[in-house]
Amino acid sequence: MQLTDFEKSVYNACSKIRKGRVSTYFEIAKAIRNPKASRAVGNALNKNPFRSVPCHRVVCSDGKLGGFVNGPRKKKSLLEQEGVAIEKGRIADFKNAFQPLC
DNA sequence: CTAATGACCATTA
DNA sequence: ATAATGGCCATTA
């Protein structure tokens with residue numbers, strides 16, 4: 001698995017997201033001390049070698065689901081399954097479900 | 001080494 | 001409100 005420190009940090013931060021909560025790429029980027037690397041965060045999650053990492057709980061800062069919605073189309077189902085309400089392709093209670101990663 | 005890609009974000013029209 | 005533009009980062013070809 002040859003992962004870089006950046007990726008490890010991304011997965012680590014992503015696994016901190018509790019069930020029924022969502023976070024954003026930007027927040028993860030902030031958590032790993034690279035606030036401008038939100039794009040790289042997305043790339044890291046795209047590789048996502050760990051199934052235990054809840055990458056589906058990560059959404060756009062706008063509250064939309066973001067990528068990988070049209071492909072597997074499971075993201076919405078997964079989030080709803082975990083208790084996150086989705087409304088018209090975006091998080092219903094985004095600020096309520098949003099979990100800052102400190 | 002340079003160039004291109006991508007699950008993004010913020011600003012501007 | 002949506003659409004387009006610029007910028008930023010890490011990985012891959």
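Below, all heavy atoms of this structure are taken into account, side chains as well, without hydrogens, waters or symmetry copies. A note on names: the letters A, B, ... follow the listed sequences, proteins ahead of strands, and every chain is numbered from 1.
- For A:Leu45, whose side chain is taken as the heavy atoms from C-beta onward, the closest listed nucleotide among B:dA10, B:dG6, B:dA7 is B:dA7.
- One interatomic measurement links the two molecules: OH of A:Tyr25 to P of B:dG6, which rounds to 15 Å at whole-angstrom precision.
- By the 6.0 Å contact criterion, NZ on A:Lys64 is open, its count of non-hydrogen atoms from other residues, nucleotides or ligands being 12 or less.
- Base engagement by A:Ala40 is indicated by at least one non-hydrogen atom pair under 4.0 Å involving a base atom.
- With distances taken from any side-chain atom of A:Phe26 to the nucleotides B:dC9, B:dA7, C:dT11, the minimum falls on B:dC9.
- Atom SG in A:Cys14 sits 12.5 Å away from atom CD in A:Glu27 (nearest 0.5 Å).
- Taking the side chain of A:Thr4 as heavy atoms from C-beta on, and the options C:dC9, C:dT11, B:dA10, the nearest nucleotide is C:dT11.
- Of the candidate nucleotides C:dC8, C:dA10, B:dC9, C:dA10 has the atom lying nearest to any side-chain atom of A:Asn34.
- Checking each of A:Arg21, A:Lys75, A:Glu82, A:Gln99 against A:Arg57 for a side chain to side chain contact (heavy atoms under 4.5 Å, CB included) leaves exactly one that passes, namely A:Glu82.
- Nucleotide C:dA10 forms a Watson-Crick or G-U wobble pair with B:dT5, both donor-acceptor distances falling under 3.5 Å.
- Among the atoms of the strands shown, only primed sugar atoms or phosphate atoms (P, OP1, OP2) are found under 4.0 Å from some heavy atom of A:Phe6.
- Interatomic distance, CD1 of A:Ile32 versus NZ of A:Lys8, reported as 13.5 Å (0.5 Å rounding).
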